[in-house]
Amino acid sequence: FDVADSEKLADLHARLRPHMLRRLKKNVIRELPQKKELIVPVTMTSMQRKYYTAILEKNFNILHHALPQSQRRGLHNVLAELRKCCNHPYLFPGTEPEDIESVDRAFDLLVAASAKFMFLESVLPVLKERGHRVLIFSQ
């Protein structure tokens, strides 16, 4: 930003301030219980391991050599691909099975491909039965 942009930005903030309402959750909903965070490590499925290994092997040189600043973007791309693989292998184009005979079978394959989904399938019904509310965050 140059000085002119900074002044324009400050002017914009001043104009918008009377129209913005900012509140904190704790000030609005006082009876909301404290958040309980539970991190559960799960192992990858064989499909996830296969893709994870392929990503690492393809990018072996990037991962094992010191990178100059200009080439570090490639490493970030590799890490993003590994994160996708850990979330669900169907996030990669062409990995979903084709010609699935039913919706139930498609659901079973979807769950079986990801260790996270397998875990959620087992734990969510129990939590719902006990009256818990669940927020799932994944990056």
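Heavy-atom basis, side chains included; hydrogens, waters and symmetry copies ignored.
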Ignoring hydrogens and angles, write down the donor-acceptor pairs under 3.5 Å from the side chains of residues 95-102, residues two or more places apart or on other chains.
from	atom 1	to	atom 2	distance (Å)
T95	OG1	P89	O	2.8
T95	OG1	F92	O	2.8
S102	OG	R105	N	3.1

Sequence neighbours left out, cut at 3.5 Å: what donor-acceptor pairs do the side chains of residues 44-53 make with other protein atoms?
from	atom 1	to	atom 2	distance (Å)
T45	OG1	Q48	N	3.2
T45	OG1	Q48	OE1	3.3
T45	OG1	A113	O	2.8
Q48	OE1	T45	N	2.9
Q48	OE1	A115	N	3.1
Q48	NE2	C85	O	3.1
Q48	NE2	C86	O	2.9
R49	NH1	M44	O	2.5
T53	OG1	R49	O	2.8

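The backbone N or O of F117 lies less than 3.5 Å from no partner atom in the side chain of H88, so there is not a single donor-acceptor pair. A donor-acceptor contact shorter than 3.5 Å is absent between the side chain of S114 and the backbone of V111.
Residue V40 is not grouped with residue V126 when hydrophobic side chains (ILVMFWY) are merged at heavy-atom distances under 4.5 angstrom, including chains of intermediate members. I55 and L91 are assigned to two separate hydrophobic clusters, defined by single-linkage of ILVMFWY side chains at heavy-atom distances under 4.5 Å. Tracing side-chain contacts under 4.5 Å through hydrophobic residues (I, L, V, M, F, W, Y), one never reaches I39 starting from V134; they form parts of separate clusters.
Residues forming a side-chain contact (heavy atoms from CB on, under 4.5 Å) with V103 (at least two apart in sequence, or on another chain): none.
Between D11 and E7 the shortest side-chain heavy-atom distance does not fall below 4.5 Å.
The CZ atom of R17 sits 10.0 Å away from the CG atom of L12 when rounded to the nearest 0.5 Å.
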